[in-house]
Amino acid sequence: KAGVTQTPRYLIKTRGQQVTLSCSPISGHRSVSWYQQTPGQGLQFLFEYFSETQRNKGNFPGRFSGRQFSNSRSEMNVSTLELGDSALYLCASSLDPGNTEAFFGQGTRLTVV
Amino acid sequence: GENVEQHPSTLSVQEGDSAVIKCTYSDSASNYFPWYKQELGKRPQLIIDIRSNVGEKKDQRIAVTLNKTAKHFSLHITETQPEDSAVYFCAARAGGGNKLTFGTGTQLKVEL
């Protein structure tokens, strides 16, 4: 069974640009959550999707958005990039909301210059 | 919202010794507590978890204990090996969603 797949693995963008990251969950998993990992702030929850609906959102500005498709794949978008958005973005896959384990992908390392 | 505190931030032990990492949480509605191990440059990996209806869970050399009254839970690693060296994160989840609130991590170093 394939694990959680995130693409791309590495990304370098310029301030002001926008970026889209992709996450394919484990086959059969329908819940996808996104986290931002930085040395200073640790692992912080961005949002959670289930059945193409956002169920939960963390304390991030509106520049951060996401969506989920009918095949459970998810994308997150960051617009008007700032230097502080440089981070490892991790996607976690779960069977269903609330009662199952979460498994992480390898992450996308975003560098904003 | 939920707040999770984790101690210590760094822990150095000799090979074969035990290691204990402690976390406290604030939301009494939290009902699921996973632990993740993250090696340098790799994804966080789920190593053990515990639900609020259980006080202790063990899997070979690792165990987790939960004290709901005091709102704290701990990870115990016995007979540590060099490959246990990594950053360990505790987390808590409340309610019906999958939002995890993480602790700040513990850098464990197992020395030969």
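Hydrogens, waters and symmetry mates are skipped; everything else that's a heavy atom, side chains included, is used. First the proteins, then the strands, lettered A, B, ... as listed; each starts at 1. On a predicted model such as this, the values are computed, not experimentally measured, just so you know.
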Which region of B:L100, side chain (C-beta onward) or backbone (N, CA, C, O), has a non-hydrogen atom less than 4.5 Å from a non-hydrogen atom of chain A, or is it both or neither? both
Tell me which of these, A:F47, A:F50, A:F103, A:Y35, has more heavy-atom pairs under 4.5 Å with chain B than the rest. A:Y35
What part of A:L43 gets within 4.5 angstrom of chain B, counting heavy atoms only: side chain, backbone, both, or neither? both
Do the charged groups of A:E48 and B:K99 touch, with an N to O distance under 4.0 Å? no
Please test A:R67 against A:E75 for salt bridge (charged side-chain N to carboxylate O under 4.0 Å, His left out), starting from the C-alpha separation and ending with a verdict. CA-CA 6 Å; A:R67 59 178 174 167; A:E75 290 181 346; 3.3 Å; yes
With a 3.5 Å distance limit and no angle check, can you tell me whether A:S93 reaches the backbone of A:H29 through a side-chain donor-acceptor pair? no
Using a heavy-atom distance cut-off of less than 4.5 Å, which residues of residues 16-45 of chain B contact chain A? B:Y32, B:Y36, B:Q38, B:K42, B:R43, B:P44
Can you name the residues of residues 57-87 of chain B that have some heavy atom under 4.5 Å away from a heavy atom in chain A? none
If we only count heavy atoms from C-beta on, is the A:Q106 to A:Q6 side-chain gap below 4.5 Å? no
Give the minimum heavy-atom separation between A:V32 and A:S72, together with the two atoms involved. CG2-O, 3.5 Å
Quick check for you: to the nearest 0.5 Å, what is the distance between A:Q18 atom CD and A:S79 atom OG? 6.5 Å
With distance as the sole test, does B:Q6 use its side chain to make a donor-acceptor pair with the main-chain N or O of B:Y88 at under 3.5 Å? yes
Is any side-chain heavy atom of B:S12 less than 4.5 Å from a side-chain heavy atom of B:E111? yes
Within a radius of less than 6.0 Å around CZ of A:R63, do more than 12 heavy atoms belonging to other residues, nucleotides or ligands occur? yes
Quick check: does any side chain N or O of A:S86 sit under 3.5 Å from a backbone N or O of A:V112, one acting as donor and the other as acceptor? yes
Going by the side chain to side chain contact (heavy atoms under 4.5 Å, CB included) test, name the single residue among A:V19, A:T38, A:V78, A:T80 that passes it with A:D85. A:V78
